[in-house]
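Numbers restart at 1 for each chain; the letters A, B, ... are given by sequence-line order, proteins then strands. Keep in mind the model is a prediction, meaning the values are calculated, not measured.
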Number of protein chains: 2
Amino acid sequence: MERGAAGGETVGSDETLFAIAEQLRESDGAGVTELADRLGLAKSSVHKHLRTMVEHGYAVNRDGTYHVGLEFFRVGEYTRDRYEVYHAAKGPVDALAAETGEMVWLIVEENGRAMYLYGSRGDAEISLESIVGTWRHLHVNSGGKAILATLPETEIERILDRHGLPMRTENTVTDREELRAELAAVRERGYAVNRGEDVEGLHALGAPIRHDGVVHGALAVAGAARRFTRDDRETDLAEHLLTAVDDVEVNLAYQ
Amino acid sequence: MERGAAGGETVGSDETLFAIAEQLRESDGAGVTELADRLGLAKSSVHKHLRTMVEHGYAVNRDGTYHVGLEFFRVGEYTRDRYEVYHAAKGPVDALAAETGEMVWLIVEENGRAMYLYGSRGDAEISLESIVGTWRHLHVNSGGKAILATLPETEIERILDRHGLPMRTENTVTDREELRAELAAVRERGYAVNRGEDVEGLHALGAPIRHDGVVHGALAVAGAARRFTRDDRETDLAEHLLTAVDDVEVNLAYQ
DNA sequence: GACGGTCGTTCGCCATCAGGAAACGCAGTT
DNA sequence: AACTGCGTTTCCTGATGGCGAACGACCGTC
């Protein structure tokens with residue numbers, strides 16, 4: 001069995017389990033044979049894992065095909081709810097979205113990656129659900145850069161070593177020195193800027209949420225590049241963003 | 001290693017993994033030693049599992065203690081979003097909550113248990129988050145009973161064999177015959193009633209959501225027993241409930 | 001500033017069990 | 001009625017998950 005990347009021993013069966021879950025997700029449900037083929041495993045092995053997963057609610061068999069189970073949802077909800085910043089930021093995020101008419105996000109960092117924990121938009125609340133619950137590299141995300149800028153140099157180094165600086169668009173910062181310079185600017189400015197570095201034509205501003213000397217996450221405002229580059233729209237948005245962050249920090253202070 | 005309950009072979013390492021995740025959740029984060037003690041495992045084993053989990057985002061080490069990771073949230077969000085009925089029911093649930101001023105839930109069944117997939121309440125949207133993402137036995141839940149009533153007798157039998165009829169309050173139906181009679185009444189009436197069978201003083205009505213001859217879940221209205229037993233409040237609520245279900249079914253039909 | 005105590009982590013060994021191959025049983029199809 | 005493709009079961013075996021012990025880092029305490 002192929003083992004995990006360098007960095008010590010891992011449990012092979014766990015990795016098989018994760019691979020099965022991921023494959024079930026990617027293919028929106030699958031059968032034993034399909035999974036075994038795609039993962040290069042014996043049908044019997046896959047079957048044994050699936051039975052274990054079903055027994056614990058991590059998988060279901062709906063009329064013949066296996067799917068990921070709602071136990072993931074249960075643990076996932078818990079994981080999100082445990083972030084105090086989620087509860088503290090919900091209100092301010094909605095408010096900021098209403099004020100600006102743009103999309104607003106709460107982003108947190110885990111293991112050197114950014115995850116969208118909550119989102120809202122001024123006009124409709126459409127299609128945000130496909131973003132919430134997804135990972136991003138820190139360097140292609142305004143919130144991610146805002147968080148990165150607050151970390152000590154050694155920590156930044158570790159993260160970059162682990163995840164690299166993969167390119168997403170023409171504008172992605174892929175050079176360490178360039179990133180380092182930008183993070184210095186972020187620290188200076190108080191917020192980070194993303195100019196289509198993840199998605200072409202999508203600009204964003206991000207600012208870190210601090211409490212008790214710890215970074216709890218970041219807020220980000222995102223919208224069409226066209227709007228963001230108009231006159232002093234950026235400074236205006238930044239003003240609103242930083243005020244919203246203040247609100248979140250106050251909420252954190254008062255539990 | 002202790003194996004899973006009767007019903008064929010399971011993967012022991014997977015069960016260890018699930019146990020670790022559950023323990024992390026129950027204790028809101030824990031260290032290697034604590035986990036090993038509680039689960040009766042060697043520290044080294046726990047450590048190896050944790051490393052694997054961290055590598056895949058299913059755990060994080062935040063300043064010395066391990067926690068469940070947001071990868072659970074990612075997969076969990078996907079699992080919920082894959083339920084068409086979730087998207088179809090959101091609007092109607094909110095509307096019904098506003099109309100009635102009571103709590104309204106979307107409930108789905110998986111592996112013979114009910115899970116709260118979404119909730120809303122008329123007045124404030126407080127404390128619903130602690131319910132969404134939790135399991136219930138079908139027989140103590142109005143939505144669960146509504147779903148159960150639609151299933152074929154053999155299926156009901158299988159579920160009762162697997163999960164039993166544990167008592168939650170004085171009012172819980174713990175007798176199979178009694179339950180069978182009640183399910184017949186549910187089929188007759190078109191909706192199920194819960195009179196404090198899960199939580200003392202909490203009554204509820206539940207009705208199944210059908211589409212293409214399949215049950216997709218159930219809606220439930222819940223509130224203080226005192227209000228529910230007043231005059232013809234029940235028939236009035238039932239009317240609203242069944243109308244909301246119709247709306248969901250229409251949404252399902254039109255994608 | 002030496003000392004237990006406690007923790008996370010690493011190491012090496014061994015019995016177990018996760019994974020493989022093949023066969024079985026059941027549908028639906030030809 | 002033979003065929004095909006599926007999920008499931010059975011049996012076997014060598015890789016590996018789990019163990020115990022040791023290590024090293026970090027405590028507060030005396």
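Taking atom CG of residue B/D37 and atom P of nucleotide C/dT6, one finds them 12 Å apart after rounding to whole Å. The distance from atom CG of A/D63 to atom C1' of D/dC6 is 15 Å, rounded to the nearest whole Å. Across the protein-nucleic acid pair, A/K48 atom NZ and D/dT8 atom C1' stand 13 Å apart, rounded to whole Å. In this structure, A/E9 places its CD atom 11 Å from P of C/dG12, rounding to the nearest Å. In this structure, B/H49 atom NE2 and C/dT10 atom C1' are separated by 17 Å, rounded to whole Å. One interatomic measurement links the two molecules: NE2 of A/H47 to C1' of D/dC6, which rounds to 12 Å at whole-angstrom precision. Rounded to a whole Å, the CZ atom of B/R51 is 15 Å from the C1' atom of D/dG18. With rounding to whole Å, A/R62 atom CZ is found 16 Å from D/dG7 atom P.
Contact of the B/I20 side chain with the B/Y66 side chain is not registered, since no non-hydrogen atoms from C-beta on lie closer than 4.5 Å. A heavy-atom distance below 4.5 Å is not found between the side chains of A/N141 and A/I147.
Salt bridge B/E182/B/R189: absent, no basic N to carboxylate O contact under 4.0 Å.
When all heavy atoms of B/Y58 and B/F72 are compared, the closest pair comes out as O-CE1, 3.4 Å. Residues A/I159 and A/G112 share a closest heavy-atom pair of CG2-O, 3.7 Å.
Between the side chain of A/K43 and the base of C/dG20, no donor-acceptor pair under 3.5 Å is found. Looking at A/T16, its side chain has no donor and acceptor atom pair within 3.5 Å of the base of C/dA18. No hydrogens or angles were tested; on distance alone, nothing pairs the side chain of B/S13 with the base of D/dG17 as donor and acceptor under 3.5 Å.
Note on A/S45: a side-chain N or O is less than 4.0 Å away from OP1 or OP2 of C/dG20. Taking 4.0 angstrom as the limit, B/Y66 places a side-chain polar atom (N or O) nearer than this to OP1 or OP2 of C/dT9.
The residue B/T33 sits close only to the backbone: its heavy atoms come under 4.0 Å of sugar-phosphate atoms, none of a base.
Atom CD of A/E84 has 12 or fewer heavy atoms from other residues, nucleotides or ligands within 6.0 Å.
Taken together, the paired segments of DNA chain C that extend over three or more consecutive Watson-Crick or G-U pairs, each closer than 3.5 Å at both contacts, are C:1-30 with D:1-30.
B/W135 and A/E71 are linked by a side-chain donor-acceptor pair at a separation below 3.5 angstrom, with hydrogens and angles left out of the test.
Nearest nucleotide to the B/L41 side chain, out of D/dC19, D/dT9, C/dT9: D/dC19.
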